[in-house]
There are 4 protein chains.
Amino acid sequence: MKQEDSPGTDPGKGGPRRPRRHDPARRTRVLDATLGVLVSDGAAGITHRKVAARADVPLGSVTYHFASLAELRAAAFARYVALRTEEFAAAFAEVRDRPGLLDALVAQVREATERRRSAVLGFELHLAALRDPGLRALTEEWTAASRAVLARFTGAVTASRLDALLEGLILRALLATTPEPEEETRAALSGVLGLPA
Amino acid sequence: MKQEDSPGTDPGKGGPRRPRRHDPARRTRVLDATLGVLVSDGAAGITHRKVAARADVPLGSVTYHFASLAELRAAAFARYVALRTEEFAAAFAEVRDRPGLLDALVAQVREATERRRSAVLGFELHLAALRDPGLRALTEEWTAASRAVLARFTGAVTASRLDALLEGLILRALLATTPEPEEETRAALSGVLGLPA
Amino acid sequence: MKQEDSPGTDPGKGGPRRPRRHDPARRTRVLDATLGVLVSDGAAGITHRKVAARADVPLGSVTYHFASLAELRAAAFARYVALRTEEFAAAFAEVRDRPGLLDALVAQVREATERRRSAVLGFELHLAALRDPGLRALTEEWTAASRAVLARFTGAVTASRLDALLEGLILRALLATTPEPEEETRAALSGVLGLPA
Amino acid sequence: MKQEDSPGTDPGKGGPRRPRRHDPARRTRVLDATLGVLVSDGAAGITHRKVAARADVPLGSVTYHFASLAELRAAAFARYVALRTEEFAAAFAEVRDRPGLLDALVAQVREATERRRSAVLGFELHLAALRDPGLRALTEEWTAASRAVLARFTGAVTASRLDALLEGLILRALLATTPEPEEETRAALSGVLGLPA
DNA sequence: AATGAATGAGTGTTCATTCAT
DNA sequence: TATGAATGAACACTCATTCAT
């Protein structure tokens, strides 16, 4: 909270100093840092200072690239949706039939508990959008993209049901202290898919 | 340490003054005010000041009854679960058969969009519990209570699926800009219940 | 910060409950607790709550027995002086000659570093009296009593010098990270006493 | 987040308004204000607000330059030691022989009662260091510097005794309601110096 | 006589934002 | 273009004190 020494000198304590100028990836690095803060501290825990520290950029750099906290938050959520949508599509890219689809869906639930990070971000976005209609477009886009991935195998109606159930299953899985057996997850999804349990 | 106005006088700005001592229901009123703030501003938006203003009690009264914000938040969530559990049970009290159950479930989704308040509180609790394991006991208790209500009609396994699907459907319904037709909701739930769509 | 259960019941968690009425030693217990807080947190760190907790009496009991914090502080200092004066006199009660006096004085310095508590209290009183003339009478009384003890062996003038040097030596001893050898302490006091080093 | 008055206008209540930006000496002014508060109210009486008011800077400026109160306090004490050490050295700069040294020492005691300010600061530092080992380095540095000044005339051993006695004499002088005659002070110091009284 | 609920001023600290450089 | 000093509102929390019981 005070720069005692001139920048560029004293490479000594506390990590690399900052001779950084011209840093084209900075915007992206700031957004990734923002997602990190979002996971740790929630949407309301995002502050310019925390983001700047995590991205290792000067405080002024954050306010320079993003006019307000709200803009920063929205941009970070948008980046999350872009990343997550791609990831989701990739998870189903190799799927060829219904049993394969079921496997992939079950894996989604399992992986959510293994890497809470992404799931927490998703719920943060949901809750933020519940309050801020400005984010609603983003959540709809996301939902539509997810359904489109699933609809390739099932048709729109079933895709929609699957998607809702998936959401509910992931939330339950994240909150459970004793995890449900994977067979039950599989059976629940099978039912909606019209497959034998 | 500085008495700006004599008590009882100056009803001028900002509403009625406060001759209130001895107020046994105060704790509860503070909790209800906290739930109100929670709905408006989210878990991180809870502040002693907002709660005090909404409950029409002095600031010190909030900190007196709840040693910390975390304690206040936890107590408010606990009150929500108690209220919501009772409400949920009541909604299924008159149900006698599977078609009746289906009606009641569909009504839950419909009502969530009509009275966002309670649904938002539920998701706030979920997200808070995702970060704070201390709240996990409360969410588990809540989930168990909800499943118990449903299990009366369906058995434990189906109740669990219904509960997860219900959660997902409600979230989707709350976030949708164009609401899904109620028939689709009904059909999705019917599938899990094993009823003809 | 809230008494959930009726007093007298629940002897369970957190130490003995409080069936205490009629407690004639309470005033004294409160004062001793105040001295404890004084040592830990300094004169400005005294609060009704800390004192009440340490004395295991209800908050109201402290304000009941002592009309204000200042009164409580003054009473605690007075108790300290009474205790310390007696202790000091006792330390010299068996002294019969100058060499014995020297030994006793050196012991005072040594013991100050061993039991910082009393020394810290003494300096707290000095500093408080520096600001609050109302405490000056107490410090003078204390100084006079100390000098009187020493004067029994040395006459008033030397007693006064000894007392001042003792104060300085104790302060230095308390603050030194590497303690001075006891021989040096002995030599310094010897000089004032007119004894061969 | 709320601009009550436009900057530069309203010179009305409470002194001149603040168009002050760019103020490189601000850190030092804040430290001097802190020493002022320290003298008036003691170490525990230091608050950001009192310091800000005394330095005539906004509250945020104090917290900006000093990350915590403890840091502010430590920096203020360090500044005091620097100033006081220089002053002490200056007081003995012209001393050429033992009688001159005695005069200078007696003057130190006399001046302490005349300008209590500095003496009080010294005792505040002692007491603070008694509790906070982090300040011990500062007090040791100070003691070493003082002894070094005196040792120029007397050798290390006598310097140490003189220093301790000086401390005790000053404390007694500050607390006495009826001041001791200067001759007694002189005699006490003479004894340690090995000069004829 | 004794208690603890109640109150609101005051604390340290964090922060979004502005702006001179 | 980019930075960080600067500002004041807001925050959680502590507290001396008052007062109804």
Side-chain angles (χ1 to χ4, degrees), chain A residues 1-3 7 18 20-23 26 45-50 52 57-70 72, chain B residues 1-5 7 18 20-24 26-27 44-52 57-70 72, chain C residues 1-3 7 18 20-23 26 45-50 52 57-70 72, chain D residues 1-5 7 18 20-24 26-27 44-52 57-70 72:
Chain A
M1 192 155 292
K2 198 62 188 321
Q3 195 74 15
R18 214 176 279 146
R20 209 172 340 233
R21 284 283 165 134
H22 223 53
D23 181 356
R26 179 167 288 194
I46 300 175
T47 74
H48 289 122
R49 283 161 180 77
K50 283 188 216 159
V57 300
L59 170 60
S61 191
V62 179
T63 58
Y64 178 72
H65 286 287
F66 301 91
S68 74
L69 258 202
L72 175 61
Chain B
M1 201 154 283
K2 196 75 168 304
Q3 193 76 15
E4 289 286 326
D5 45 9
R18 222 176 268 145
R20 200 165 353 195
R21 282 279 172 133
H22 219 54
D23 180 358
R26 179 167 289 194
R27 237 188 99 96
I46 299 175
T47 74
H48 288 121
R49 283 162 180 76
K50 283 187 216 161
V51 169
V57 299
L59 173 59
S61 192
V62 179
T63 58
Y64 177 75
H65 284 287
F66 301 91
S68 73
L69 255 205
L72 175 61
Chain C
M1 193 155 289
K2 200 61 186 323
Q3 195 75 15
R18 215 174 279 145
R20 208 172 341 232
R21 283 284 165 132
H22 224 52
D23 181 357
R26 178 167 290 194
I46 300 174
T47 74
H48 289 120
R49 283 162 179 76
K50 283 187 215 160
V57 299
L59 171 60
S61 190
V62 179
T63 58
Y64 178 73
H65 286 288
F66 301 91
S68 73
L69 257 202
L72 175 61
Chain D
M1 200 155 280
K2 197 69 170 306
Q3 193 76 15
E4 290 287 325
D5 45 9
R18 225 176 266 143
R20 201 164 353 195
R21 284 277 171 134
H22 219 54
D23 181 357
R26 180 167 289 194
R27 236 187 102 95
I46 299 175
T47 74
H48 288 120
R49 283 163 180 79
K50 282 187 217 161
V51 170
V57 300
L59 171 59
S61 192
V62 178
T63 58
Y64 177 75
H65 285 286
F66 300 92
S68 73
L69 252 207
L72 175 61

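Each chain gets a letter, A, B and so on, in the order the sequences are listed, and its residues count up from 1.
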Novice: Could you give me the stems involving DNA chain E, meaning stretches of three or more consecutive Watson-Crick or G-U wobble pairs whose two defining distances are both below 3.5 Å?
Specialist: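 In DNA chain E, stems of three or more pairs: E:2-21 with F:2-21.
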Novice: Let's see if you can work this out: which of F:dA12, E:dT13, F:dG8 has an atom nearest to the side-chain heavy atoms of D:P58?
Specialist: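 From the listed options, F:dG8 comes nearest.
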Novice: Could you check which of F:dA6, E:dA2, E:dA6 has an atom nearest any side-chain atom of D:H65?
Specialist: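 Closest nucleotide to the D:H65 side chain: F:dA6.
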Novice: For C:T47, what residues pass the side-chain hydrogen bond (donor to acceptor under 3.5 Å, both in side chains) criterion, not counting sequence neighbours?
Specialist: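 C:T47 satisfies side-chain hydrogen bond (donor to acceptor under 3.5 Å, both in side chains) with no residue once adjacent residues are dropped.
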Novice: Would you indicate what C:I46 reaches in the nucleic acid, counting non-hydrogen atoms under 4.0 angstrom: base, sugar-phosphate, or nothing?
Specialist: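 Here C:I46 touches the backbone only, sparing every base.
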Novice: Rounded to whole Å, please give me the gap between CG in C:L59 and P in F:dT21.
Specialist: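 Between P of F:dT21 and CG of C:L59: 19 Å.
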Novice: Compare the minimum distances between each of F:dA12, F:dT17, E:dA2 and the side chain of B:L69, then state the nucleotide with the smallest one.
Specialist: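 The answer is F:dA12, which lies nearest to the side chain.
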Novice: What nucleotide among E:dG12, E:dA2, F:dA12 has an atom nearest to a side-chain atom of B:H48?
Specialist: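 Output: F:dA12.
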Novice: Let me have the donor-acceptor pairs involving side chains of residues 59-69 of chain A, under 3.5 Å, with sequence neighbours excluded, atom names and distances please.
Specialist:
unit_1: A:S61; atom_1: OG; unit_2: A:R26; atom_2: NH1; d: 3.0
unit_1: A:T63; atom_1: OG1; unit_2: A:G60; atom_2: O; d: 3.0
unit_1: A:S68; atom_1: OG; unit_2: A:A70; atom_2: N; d: 3.4
unit_1: A:S68; atom_1: OG; unit_2: A:E71; atom_2: N; d: 3.2

Novice: On DNA chain F, compare the nucleotides closest to A:S61 and B:R49; which residue's is nearer the 5' end?
Specialist: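 The residue closer to the strand's 5' end, by nearest nucleotide, is A:S61.
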Novice: For the pair made of NZ in A:K50 and P in E:dT14, what is the distance, rounded to whole Å?
Specialist: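 It is 11 Å, rounded to the nearest whole Å.
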Novice: Please work out if D:T47 contacts a base, only the sugar-phosphate, or nothing of the nucleic acid, heavy-atom cut-off 4.0 Å.
Specialist: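 Counting heavy atoms under 4.0 Å across all strands, the contact made by D:T47 is with sugar-phosphate only.
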Novice: When you check the phosphate oxygens OP1 and OP2 of E:dA1, does a side-chain N or O of C:Y64 lie under 4.0 Å from one of them?
Specialist: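 For C:Y64, the contact criterion (side-chain N or O under 4.0 Å from OP1 or OP2 of E:dA1) is met.
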Novice: Let me know the distance between CG of A:L72 and P of E:dT17, rounded to the nearest Å.
Specialist: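 Roughly 10 Å, once rounded to whole Å.
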Novice: Considering heavy-atom distances to DNA chain F, does D:G60 or A:T63 have its closest nucleotide positioned more toward the 5' end?
Specialist: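 Its nucleotide being nearer the 5' end, the pick is A:T63.
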